[in-house]
Number of protein chains: 2
Amino acid sequence: MVTKVFIVDDHYMVIEGIRSLLQNEKNIEWAGHASNAASCLAYLHQQQPDVILMDINLPDKSGIDLCKEVKEKYPSVFIIGLSTFNQLSFIQKMIDNGASGYVLKNATQQELMEAIETVATGKTYLSFEVSQTLRNTNNSTVVLTRREKEVLNLIAEGMTNNEIAKKLFISTTTVDTHRKNLLEKLNARNTAALIKLSIAQGHL
Amino acid sequence: MVTKVFIVDDHYMVIEGIRSLLQNEKNIEWAGHASNAASCLAYLHQQQPDVILMDINLPDKSGIDLCKEVKEKYPSVFIIGLSTFNQLSFIQKMIDNGASGYVLKNATQQELMEAIETVATGKTYLSFEVSQTLRNTNNSTVVLTRREKEVLNLIAEGMTNNEIAKKLFISTTTVDTHRKNLLEKLNARNTAALIKLSIAQGHL
DNA sequence: GAACACATCCCTTAAAAACAGGATTTTTAA
DNA sequence: TTAAAAATCCTGTTTTTAAGGGATGTGTTC
């Protein structure tokens, strides 16, 4: 059985590398590649591969959003997330959005092949390092509301509660409440930790 | 004239990609690769290539430090920085430490070849995007002192001046002074902006 | 229609950070 | 050796946050 593999990544070197790693595999067919979300969707409109290797960081859209979109339109296509970072929030979000696996870019050929073969049968593949990460961290991918994200962004800009209140046409006490909730949600002691954790978890 | 190229990168996919991109070039000789700083240095102890493509993020040491070390020991080897990020601070530091060029991982084969050929003759190569970045930003790669970095890290951990003071066996007012200087150096209005800018500039 | 999440608003008090303006000693580098 | 940079400490004041407590209106969902 031949598995058709498509790649979405904005780095030529990575695309070339994967092609090179897969070119001698007999049961892998190279379906092509895209360097952004738009051309990936355009391709899928024409034909569907069995497996998509999808980078998290794309120029026009995050891989996390693209993953969701692709899975909604083409549920039979299996997706493997691909990224440099072993960051919990991203892995979690990709899986939540329907990805069947997650592989880091330092994966060996064996790992990559194992991932593709596992995923092609409908199972889930996580590399050793990735499943370690998922285990070790307290599953703390926090969900922020629209307003909380807005406030968080303005805090990160260096604005005070007063300034944020004026900008958003709400009371200072409301901003303070949002701030309180942000600290609690992210389990941060103060502003400094809040910003650091927010960036680490991809909220900023 | 044949240029011997060596690569240091901890991602197999990238190494494979570059090898694939260069394998048909007649005046490029593949000298080998290393996936960390230690084995790069071990290789150089035996023989020296003409050009090293060096990733910024290595498992055992930052490419920035490795660049400096290599240039001190083997000044005749030309180094091209390689990374995913178009971050001013990294580019600046690589150049300061003796790198002759900087290429992003989404470079095309043409760009890569141009970079290698330019650098091999002793000139400096910066890709279009990179030189744009260097131009657009106010050369604000701030230099922090050892103590300032220490304090900054503890601030980011969520510690108060008081706690930092106790931890470092100094007075709270001293911590406050360092904090003042950090805000001024990074041109931040308050803690929130300080942390954001620090992460953006690679201090955290 | 009850339960729930969200966004909004208010009060109080204490702690922390920002701002202003110094000063001294130790290290480092020219 | 001498000047500059770094690290240390001080006294104030003002502004901002944190932490505690609540309350109300508006949707959505079960």
What are the atom names and distances for every N/O pair under 3.5 Å that joins the protein to nucleotides 3-5 of chain D?
none

Residues that A/Lys180 engages under salt bridge (Lys or Arg N to Asp or Glu O under 4.0 Å), provided they are two or more places apart:
none
In whole Å, I'd like the distance from the CD1 atom of B/Ile155 to the P atom of C/dA17.
8 Å
Terminal axes of the helix from C/dG1-D/dC30 to C/dA30-D/dT1 (5 end pairs apiece), angle rounded to 10 degrees, sit apart by 60°
Any donor-acceptor N or O pair under 3.5 Å, side chains A/Arg179, A/Thr191:
yes
For B/Glu29, all residues meeting salt bridge (Lys or Arg N to Asp or Glu O under 4.0 Å), sequence neighbours excluded:
none
Check B/Tyr43, B/Trp30, B/Phe78 against B/Phe6 for a ring-ring contact (aromatic ring centres under 6.0 Å, His included) and give me the one that passes.
B/Tyr43
For the pair made of CG in B/Leu186 and P in C/dA18, what is the distance, rounded to whole Å?
13 Å
Grab the two heavy atoms, one from B/Leu168 and one from B/Arg147, that are nearest each other, plus how far apart they are.
O-NH2, 3.4 Å
Apply side-chain contact (heavy atoms from CB on, under 4.5 Å) to residues B/Asp50 and B/Thr3 and explain how you reach the verdict.
CA-CA 6 Å; B/Asp50 299 305; B/Thr3 306; 3.8 Å; yes
For B/Leu194 and C/dA17, what is the distance between atoms CG and P respectively, to the nearest whole Å?
12 Å
Basic-acidic side-chain contact under 4.0 Å: A/Glu16, A/Arg19
yes
Less than 4.0 angstrom from a charged side-chain N to a carboxylate O is my criterion; do B/Lys167 and B/Glu157 meet it?
no
Between P on C/dA18 and NZ on B/Lys185, what's the gap in Å once rounded to a whole number?
17 Å
Between CD of B/Glu184 and C1' of C/dC19 the distance, given in whole Å, is 11 Å
d(CG, B/Leu182; P, D/dA7) in whole Å:
10 Å
I'd like to compare against my own output: the B/S/- annotation of nucleotides 8-23 of chain D with a strict under-4.0 Å heavy-atom distance to protein.
BBBB----SSS-BB--
Across all chains, not counting sequence neighbours, the salt bridge (Lys or Arg N to Asp or Glu O under 4.0 Å) partners of A/Glu114 are none
In whole angstrom, give the distance that lies between atom CD1 of A/Ile164 and atom C1' of C/dT8.
16 Å
Donor-acceptor pair, B/Asn190 side chain versus A/Gly158 backbone, under 3.5 Å?
yes
Under a plain distance cut-off of 3.5 Å, with no hydrogens placed, do A/Tyr102 and A/Ser83 share a side-chain donor-acceptor pair?
yes
Between A/Arg146 (CZ) and C/dA5 (P), how many Å, whole number?
17 Å
